[in-house]
Amino acid sequence: MSEGHELVRQRQANLEALRRLGVDVYPRTYARTDAIAVLAARHGPQTAAELEEARPEAATAGRILAIRSFGKANFLVLSDGVGRIQAYIRQDALSERDFAVFKLLDFGDFVGVRGRVFRTKTNELTIWVSSLTFLSKCLHPLPEKWHGLQDVEIRYRQRYLDLAVNPESRRVFEVRSRAIAGFRRFLDARGFLEVETPMMQPIAGGALARPFVTHHNALDMTLYLRIAPELYLKRLTVGGIERVYEINRNFRNEGISTQHNPEFTMLEFYQAYADYRDLMAETEEMLASVARDAIGSDTCTFGGETISLAAPYRRVSLREAVREAAARRLGVSVAPDELRDGARAAALAARLGVAYPDGAGAGKITTAIFEALCEDTLVQPTFVYDFPTEVSPLSKQRSDDPDTVERFELYIGRFEVANAFSELNDPAEQRARFEAQLAERARGDAEAHAMDEDYLRALEHGMPPAGGEGVGIDRFVMLLTGAPSIRDVILFPLMRPQAD
RNA sequence: GGGCCGGUAGCUCAGUGGUAGAGCAUCGCACUUUUAAUGCGGUGGUCGUGGGUUCGAUCCCCACCCGGCUCACCA
C-alpha cells in the first residue's frame with residue numbers, strides 16, 4: 001500500500017475488524033441468483049402491490065456506490081457496472097454478525113445481498129436484505145457522488161475509477177463494443193473472412209506514416225510495428241480470399257491529438273471484383289447499419305451538430321472541392337489546369353497562404369490546399385473522391401486520367417473516417433510508384449513508402465481487380481458517442497509515465 | 001516540437017505577498033422507508049517539483065514535471 005493516508009488507514013482498520021469477526025474478506029465466489037441489471041430489468045415493470053403478492057427472493061452482488069444510514073435502518077446502492085439496485089439493511093432482519101459486517105462496510109466495497117425484492121414508500125426497487133456477504137474491500141476512497149470523476153488525467157490513467165463512478169463512460173465503451181460487433185456482423189453476412197495479419201513487419205508498408213521500430217533478438221533483425229495491414233490483406237486476395245477483412249491495431253509514430261493516438265484501431269476490408277464506386281455504396285450502407293446496431297439510430301450528435309449517417313452521402317471530387325474553396329477564398333474562379341501543374345499549383349497555394357512540403361508536386365499541393373480549406377467544413381458524411389496519383393502510391397489510376405486515382409476519403413464531423421480505393425494490381429506500375437516514393441524519401445520525406453519486393457512478387461502472381469477500404473474505428477465511435485477526444489473512446493490511451 | 005491554459009484536502013472547486021477555504025467524502029453522536037437523507041460536533045493540506053526575489057511566497061520570477069486545448073504532422 002503506497003499511501004499512509006488517514007482514509008486508507010480507516011479502511012484497512014475496517015478490513016482487519018472484519019477479519020477479527022472471522023469473515024473471509026476475499027472469498028472465492030458468491031452464489032448470486034441474478035446480476036443487478038437482470039433484477040432491475042425483471043422487476044422494473046412490477047408495481048409495489050405485485051411485488052408484495054409475488055414476494056420474489058433474490059441474491060445479487062455488486063459494488064457499494066452509496067450508504068445512507070439511519071442507525072437501525074440503512075440503504076445501500078449497489079452497482080454491477082451496468083445496473084443499480086438499492087438494498088435495505090434493517091438491524092432486525094439480519095443476523096447480529098451480518099449487521100456487524102454491515103457496520104464495517106465502506107463506500108466502494110463489494111458485497112453480496114440476499115433477500116426479498118420490494119418497493120419502498122418512494123417506489124424504489126429494493127432488496128430487503130436477510131443475509132449480507134462481504135466480497136471484497138476497496139482500500140482507497142472513491143470520487144464523490146455529485147460530480148463523479150472529472151479530472152481527465154485520472155480518468156485516463158485509472159480508467160477503472162472512471163468506469164466505476166461515471167456511467168456515461170461505461171456507455172461509451174458499450175457503444176464501441178457494439179459498433180465493432182456491428183462491423184463484423186455486416187461483413188460476415190456478406191461473405192467476408194476475418195483474418196489476422198502481422199503486427200510486426202520487416203517493411204512498414206500500406207500507408208504513409210512513420211513507424212515504431214523494434215528488434216528481434218534471435219533473428220537479429222529490425223522489425224516495425226505495422227502502420228497498416230494493407231499489403232498483407234492484398235496478398236490474401238492474390239491467394240484467392242476474395243472478401244477479407246481485419247479489425248485490429250495500427251501503430252503510427254506521429255503526434256498525439258484529439259484525433260490521434262499512437263495505436264488506433266482500423267477496419268480494413270478488401271473485395272475482389274469491386275471498385276471504389278462500389279465501396280462508396282457499401283460504406284453508406286455499412287456505417288448506417290453499424291450506427292443502428294451501436295446506438296439504435298443512424299443519427300448522432302457530434303460537436304453540437306446533428307449528423308445523419310443514413311445513405312446517400314454527398315460526393316465531391318477532391319479537385320472540385322479545392323477549386324470551389326479556393327475560388328470562394330480568392331473571389332476569382334480557379335481553372336482546372338491550376339491544380340495539374342506544379343508551378344501553377346504552388347502559385348495558387350501561395351496566394352491562399354497554404355504551406356506545403358518542399359519538393360511537392362501539383363498533387364501534394366492540391367491535397368495540402370484541401371486539408372487547409374475544405375476538411376474543416378465537412379460535417380455531414382461526404383465522399384471526397386479522385387485523388388492525385390502522386391499522393392496515392394497503392395491506388396489504381398483512372399483509365400482516362402493517369403494523374404488521378406480511383407480513391408476516396410470519407411469525411412464526417414470535420415475529420416477523415418475512411419479511405420478507400422480501387423487497388424493497384426499491376427506489378428509494373430506498382431514498382432514505378434514505389435520508385436517514385438523512394439525518390440521522395442531521398443528528398444527527405446520520412447513517410448514515403450519503402451520498396452517492397454516481396455509484395456511486388458505477390459502482385460506478379462496475379463491479384464484480381466479489387467476495392468479496399470480502411471475505416472478508423474476510434475473516430476467512428478467518437479461520432480457515435482459524441483466524444484470530443486479519441487482518448488475518450490480508447491480504454492487506456494497512451495500517457496507519459498506519472499511522476500512519483 | 002511551438003503557443004495558450006491548468007495542477008490547492010480522497011473527490012469537485014474557491015482563494016490570498018502576512019498562520020489555508022467551501023461542498024461532498026471521512027470520523028463521532030442522534031435517527032427503523034432514505035435516495036444529493038437530515039441535524040449537531042470533529043479530523044484531514046510540504047497549495048505539482050526545484051531554485052530565486054522578499055523580513056515573510058501557495059501567491060511574484062525562473063527552470064522542470066504532468067495534464068488540457070491548439071498549431072504543426074498524420075488517420
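All heavy atoms count here, side chains included; hydrogens, waters and symmetry mates do not. As the structure is a prediction and not an experimental result, all values here were calculated from the model.
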Among [options], the one nearest [X] by side-chain distance:
X      : options             : answer
A:Y156 : B:U33, B:G68, B:C69 : B:G68
A:R157 : B:C66, B:U33, B:C27 : B:C66
A:H5   : B:A75, B:C27, B:G10 : B:G10
A:T258 : B:C73, B:A75, B:U70 : B:U70
A:Q150 : B:U32, B:U33, B:U12 : B:U12
A:R252 : B:U43, B:A75, B:C11 : B:A75
A:Q86  : B:U34, B:C31, B:U32 : B:U34
A:R68  : B:A37, B:U33, B:C66 : B:A37

Pair A:R170 + A:D162: basic N to acidic O under 4.0 Å =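 Looking at A:D162 together with A:R170, the answer is no, because their closest N to O distance does not fall below 4.0 Å.
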Which residues in residues 360-385 of chain A have at least one heavy atom lying under 4.0 Å from any atom of RNA chain B?
->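 RNA chain B contact set from residues 360-385 of chain A: none.
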May I ask you to list the residues of residues 38-62 of chain A, by number, that have any heavy atom positioned under 4.0 Å from an atom of RNA chain B?
->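 Here the set is empty: none.
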Who pairs with A:E246 by salt bridge (charged side-chain N to carboxylate O under 4.0 Å, His left out), at least two apart in sequence or on another chain?
->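 Partners of A:E246 by the salt bridge (charged side-chain N to carboxylate O under 4.0 Å, His left out) criterion, ordered by chain and then number, come out as A:R226.
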For A:E263, all residues meeting salt bridge (charged side-chain N to carboxylate O under 4.0 Å, His left out), sequence neighbours excluded =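 Expected list: A:R249.
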Taking only Watson-Crick and G-U wobble pairs with both distances under 3.5 Å, what dot-bracket line describes RNA chain B, where [ ] shows pairs that cross earlier ones and | shows pairs with another strand?
-> (((((((..((((....[..)))).(((((.......))))).....(((((..]....))))))))))))....
Name all pairs fulfilling the side chain to side chain donor-acceptor pair (under 3.5 Å) condition that reach into residues 412-421 of chain A, sequence neighbours left out, sorted by first residue then second.
->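 Side chain to side chain donor-acceptor pair (under 3.5 Å) check on residues 412-421 of chain A returns A:E305-A:R414, A:R407-A:N419.
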If only atom types and distance count, is the side chain of A:N166 paired as donor or acceptor with the main-chain N or O of A:S169 below 3.5 Å?
->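 Not a single qualifying donor-acceptor pair exists.
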Check for a donor-acceptor pair, side chain of A:S422 on one end and backbone N or O of A:Y276 on the other, with a separation under 3.5 Å.
->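 Checked: pair present.
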Figure out the [atom1]/[atom2] separation between [X] and [N], and round it to whole Å.
X      : N     : atom1 : atom2 : answer
A:D488 : B:G68 : CG    : C1'   : 12 Å
A:N14  : B:C27 : CG    : P     : 7 Å
A:I89  : B:C31 : CD1   : P     : 19 Å

Would you please name every residue forming a ring-ring contact (aromatic ring centres under 6.0 Å, His included) with [X], sequence neighbours left out?
X      : value
A:F421 : none
A:F434 : A:H449
A:F110 : none
A:Y313 : A:F383

On RNA chain B, nearest-nucleotide positions of A:L208 versus A:L494: which is more 5'?
->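 Nearest-nucleotide comparison on RNA chain B picks A:L494.
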Select from A:P262 and A:R487 the residue whose nearest nucleotide in RNA chain B is closer to the 5' end of that strand.
->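 Nearest-nucleotide comparison on RNA chain B picks A:R487.
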How would you label the contact of A:G470 with the nucleic acid (heavy atoms, under 4.0 Å): base, sugar-phosphate, or nothing?
->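 Counting heavy atoms under 4.0 Å across all strands, no contact is made by A:G470.
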Name the nucleic acid region contacted by A:F118, choosing base, sugar-phosphate or nothing; use a 4.0 angstrom heavy-atom cut-off, strictly under.
->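 Base contact - A:F118 has a heavy atom under 4.0 Å of at least one base atom.
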Between protein and nucleic acid, restricted to nucleotides 4-6 of chain B and to nitrogen or oxygen atoms under 3.5 Å apart, what atom pairs and distances do you find?
none

Apply side chain to side chain contact (heavy atoms under 4.5 Å, CB included) to the pair A:I227 and A:L208, showing each step before the final yes or no.
-> CA-CA 8 Å; A:I227 57 174; A:L208 306 179; over 6 Å; no
Ignoring hydrogens and geometry beyond distance, is a side-chain donor-acceptor pair present between [X] and [Y] at under 3.5 Å?
X      : Y      : answer
A:R176 : A:T265 : yes
A:S317 : A:D386 : no
A:T404 : A:R319 : yes
A:E230 : A:Y232 : no

No-H, no-angle donor-acceptor pair, A:E124 side chain to B:U33 base, under 3.5 Å |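 For A:E124, whose side chain was compared with the base of B:U33, there is no donor-acceptor pair (under 3.5 Å).
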Would you say the side chain of A:D92 and the base of B:U32 hold a donor-acceptor pair, judged only by whether the two atoms sit under 3.5 Å apart?
->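 Counting by modelled atom types and ignoring angles, a donor-acceptor contact under 3.5 Å is found here.
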B:G28 and B:G51, which share atom name P, separated by this distance in whole Å =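 Rounded to whole Å, the distance is 40 Å.
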Expressed as a whole number of Å, how far does the C1' atom of B:G41 sit from that of B:C47?
->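 Per the computed distance, 27 Å lies between those C1' atoms.
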A:F183 and A:F476 aromatic centres sub-6.0 Å =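 Ring centroids of A:F183 and A:F476 are less than 6.0 Å from each other.
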Measure the distance between the ring centre of A:F415 and the centre of the six-membered base ring of B:A75, then answer whether it is under 5.5 Å with planes under 30°.
->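 No; centroid distance or tilt outside limits.
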Does the side-chain ring of A:F75 sit on the six-membered ring of the B:U34 base, less than 5.5 Å centre to centre and under 30° in tilt?
->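 A:F75 ring centre within cut-off of B:U34 base, planes near parallel; stacks.
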For the pair A:Y88 and A:F75, name the ring-plane relationship: parallel under 30°, tilted 30 to 60°, perpendicular over 60°.
->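 Answer is parallel, since the angle falls under 30°.
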Report the relative orientation of the aromatic rings in A:Y411 and A:F370; use parallel for angles under 30°, tilted for 30 to 60°, perpendicular for over 60°.
->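 Because their plane-to-plane angle is over 60°, the rings of A:Y411 and A:F370 count as perpendicular.
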A:R496 side chain near B:G67 phosphate (N/O to OP1/OP2, under 4.0 Å) |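 The answer is yes; a side-chain N or O of A:R496 sits under 4.0 Å from OP1 or OP2.
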Please produce a list of atom pairs where a protein N or O lies less than 3.5 Å from an N or O of nucleotides 23-25 of chain B.
| unit_1 | atom_1 | unit_2 | atom_2 | d |
| --- | --- | --- | --- | --- |
| B:G23 | N2 | A:E144 | OE2 | 2.7 |
| B:A25 | OP1 | A:K145 | NZ | 2.9 |

